[in-house]
Amino acid sequence: MNKSPISAVNGSRKSRKNTPVKKRLSGKTNSRKKKGTPRQTPRWLIRVFAVFLILIFSALFYWFFIRPYSYRWKPCIGDKEYGVCMPLGYEVHGIDISHYQGEIDWKELVHYQSPDYPLQFVFIKATEGGDFKDNTFQKNFESARQYGFIRGAYHYFNPGAPASKQAEFFINTVKLDSADLPPVLDVEKKGLHTKKSLVRAVKLWLDLVEAHYGVRPILYTSYRFKTNYLNDSVFNKYPYWIAHYYVDSVEYKGPWKFWQHTDAGTIPGVDENVDLNIFNGTLEQLKSLTLKKNISAEKQ
């Protein structure tokens, strides 16, 4: 029986819809699955990357946390006293203290110190910035003289406070007597200063204090800080007190008078660790640095 024209057309449409479309859809679906499959990172590459990270973190940990203190575990070339290796070739030793050391038993400190490395001078923190007075200064300053130490007083420089105000505060707080060491300026931070403005501020403090006491102050700073920020010829005339820890000898090439060689000293009569220092000279040369008269009393 012959099909009608309409039926023939509909039949051809159905056949076109069923077979070719399914093939086209099936092809598209397969291609999407292939494109969406993620590549897996090889295990060996992950292991190499992990080892690399471990090595980097180990190196950083050693550099910042182990290396600066490794000197403590090195065998001493010379003698070990006060819990640390003592520098060779120096005969005059001392300490510096502040409220961080707490209350000091001066009798015990004098009685039990090493006979081979007696402590003969002590620097005591007096002031900081323009308004902070160390609450142990007066007692420690008087006790140091009472127990026979050559004593000195230092000011901790605050880069955020005016240098003139800091100098005035130190002068009003510290009354130096004959046989005392020159005043000390401790500079460890530059704050918002440029190198040039820091040099000006430090020099102003030194000038004002020198004009009052009639003696050149001592400039204290670390080896790195001096090299980076205060390596200026205007400071050449001032006695330099260098802080440089865990080294066998001073690496600074210029002249220096004092060397703070460790912050880990253990001293009888002091509960906390103490900074140990040496003077670059003889005891007589140290005494020659001291004030010859009571300048503060004369100016009152």
Side-chain angles (χ1 to χ4, degrees), residues 96-100 121 123-134 137 141 151-176 180-245 250-261 263 275 277 279-280 286 288-292 295-296 298-300:
D96 60 273
I97 57 175
S98 70
H99 64 278
Y100 290 110
F121 65 90
F123 286 108
I124 303 161
K125 182 177 181 179
T127 52
E128 178 177 335
D131 55 7
F132 176 79
K133 178 181 177 181
D134 193 297
F137 168 69
F141 200 61
R151 65 184 186 178
Y154 74 88
H155 173 81
Y156 185 90
F157 187 78
N158 180 352
S164 57
K165 182 180 179 181
Q166 297 189 62
E168 181 181 3
F169 182 54
F170 179 84
I171 290 169
N172 292 335
T173 303
V174 179
K175 312 303 177 186
L176 295 178
D180 287 339
L181 289 165
V184 178
L185 179 61
D186 175 355
V187 187
E188 301 181 27
K189 298 178 180 179
K190 78 178 190 73
L192 298 178
H193 280 286
T194 63
K195 180 178 179 180
K196 189 175 181 179
S197 66
L198 180 66
V199 168
R200 284 199 304 265
V202 170
K203 187 65 168 62
L204 177 58
W205 192 99
L206 295 171
D207 288 342
L208 293 172
V209 170
E210 181 177 357
H212 177 80
Y213 294 102
V215 62
R216 285 177 183 165
I218 298 168
L219 178 60
Y220 166 99
T221 188
S222 71
Y223 168 71
R224 287 186 179 180
F225 197 91
K226 176 73 160 63
T227 303
N228 292 334
Y229 302 111
L230 298 178
N231 193 20
D232 193 291
S233 59
V234 299
F235 301 123
N236 289 347
K237 65 179 181 179
Y238 297 97
Y240 179 34
W241 177 8
I242 180 174
H244 200 185
Y245 304 155
V250 175
E251 296 180 10
Y252 181 69
K253 303 305 179 185
W256 56 273
K257 290 295 184 182
F258 297 91
W259 172 23
Q260 187 182 80
H261 59 89
D263 60 349
D275 301 328
N277 303 272
F279 173 70
N280 191 18
L286 176 65
S288 69
L289 282 180
T290 61
L291 279 68
K292 303 302 181 282
I295 301 296
S296 297
E298 290 182 356
K299 295 196 175 187
Q300 287 180 344

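Residue numbers count from 1 along this sequence.
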**Prompt:** Taking the six-membered ring of Tyr252, is the NZ or CZ of Lys226 close enough (under 6.0 Å from the centre) and on axis enough (within 45°)?
**Reply:** no
Worksheet item: Is the closest side-chain heavy-atom distance between Ile242 and Val250 below 4.5 Å?
Response: yes
side-chain contact (heavy atoms from CB on, under 4.5 Å) filter on Phe279, not counting sequence neighbours, yields Val92, Phe121, Lys257, Phe258, Gln285, Leu286, Leu289
Residue pairs meeting salt bridge (Lys or Arg N to Asp or Glu O under 4.0 Å), one or both in residues 195-205, sequence neighbours left out, come to Lys203-Asp207
Residue pair Pro159 / Leu192, side-chain heavy-atom distance below 4.5 Å: no
With sequence neighbours left out, the residues meeting side chain to side chain donor-acceptor pair (under 3.5 Å) with Tyr154 are none
Sequence neighbours excluded, the answer for ring pair (Phe, Tyr, Trp, His ring centres under 6.0 Å) partners of Tyr223 is His244
- Side-chain heavy atoms of Phe157 within contact of Leu198, under 4.5 Å: yes
Between Leu219 and Val202, is there a side-chain heavy-atom distance shorter than 4.5 Å? yes
Checklist entry - Between Gln260 and Tyr245, does a side chain to side chain contact (heavy atoms under 4.5 Å, CB included) hold up when you go through it step by step? => result CA-CA 7 Å; Gln260 187 182 80; Tyr245 304 155; 2.5 Å; yes
Minimal heavy-atom distance between Asp134 and Ser98, with the atoms involved, is OD2-CB, 3.5 Å
Keeping the roles fixed (side chain from Lys133, backbone from Asp131), state whether a donor-acceptor pair exists under 3.5 Å.
no
Residues at least two apart in sequence or cross-chain that pass side chain to side chain donor-acceptor pair (under 3.5 Å) with Thr194, listed by chain then number, are Ser197
Those residues at least two apart in sequence (or on a different chain) that pass side chain to side chain donor-acceptor pair (under 3.5 Å) with Asn280 are none
Sorted by chain and number, sequence neighbours left out, ring pair (Phe, Tyr, Trp, His ring centres under 6.0 Å) with Tyr156 holds for none
Shortest non-hydrogen pair, Gly129 vs Asn158, comes out as CA-CB, 3.6 Å
Sorted by chain and residue number, the salt bridge (Lys or Arg N to Asp or Glu O under 4.0 Å) partners of Asp96 (sequence neighbours excluded) come out as none
Are the side chain of Gln166 and the backbone of Ala161 linked by a donor-acceptor contact shorter than 3.5 Å? yes
Residue set satisfying ring pair (Phe, Tyr, Trp, His ring centres under 6.0 Å) with Phe225, at least two apart, ordered chain then number -> Tyr229
For Trp259, the ring pair (Phe, Tyr, Trp, His ring centres under 6.0 Å) test, sequence neighbours excluded, returns His261
(request) For side chain to side chain contact (heavy atoms under 4.5 Å, CB included), just list the numbers for Leu230 and Val187, CA-CA rounded to whole Å, side-chain angles, deciding distance to a tenth of an Å, and then say yes or no. (result) CA-CA 9 Å; Leu230 298 178; Val187 187; 4.1 Å; yes
The reported gap from NZ in Lys175 to OH in Tyr213 (rounded to nearest 0.5 angstrom) is 6.5 Å
Here the gap from Phe141 atom CZ to Ile97 atom CD1, rounded to the nearest 0.5 Å, amounts to 11.0 Å
### Message
Looking at Lys237, I want to see if its NZ is surrounded by more than 12 non-hydrogen atoms of other residues, nucleotides or ligands under 6.0 Å.
### Response
yes
The complete set of side-chain hydrogen bond (donor to acceptor under 3.5 Å, both in side chains) pairs with one or both residues in residues 180-190, sequence neighbours excluded, reads Arg145-Asp180, Arg151-Asp180
request  = Could you tell me if the ring centre of Tyr220 sits under 6.0 Å from that of Trp241?
outcome  = yes
When every non-hydrogen atom of Ala153 is compared with those of Phe123, the smallest separation belongs to N-CD2, 4.5 Å
Closest heavy-atom pair, Lys125 versus His99, reported as atoms and distance to 0.1 Å, is NZ-CE1, 4.4 Å
Any donor-acceptor pair under 3.5 Å from His212 side chain to Ile171 backbone
no
Across all chains, not counting sequence neighbours, the side chain to side chain donor-acceptor pair (under 3.5 Å) partners of Tyr100 are none
Scanning both residues in full, the closest heavy-atom pair of Phe170 with Ala126 reads CE1-CB, 4.2 Å
Check: So do Pro217 and Tyr238 actually touch side chain to side chain, heavy atoms under 4.5 Å?
Finding: yes
Are Phe235 and Leu206 close enough, and set up right, to give a side chain to side chain contact (heavy atoms under 4.5 Å, CB included), and what steps lead you there?
-> CA-CA 9 Å; Phe235 301 123; Leu206 295 171; 3.9 Å; yes
Between Tyr240 and Ser222, the two heavy atoms sitting closest are OH-O, 3.4 Å
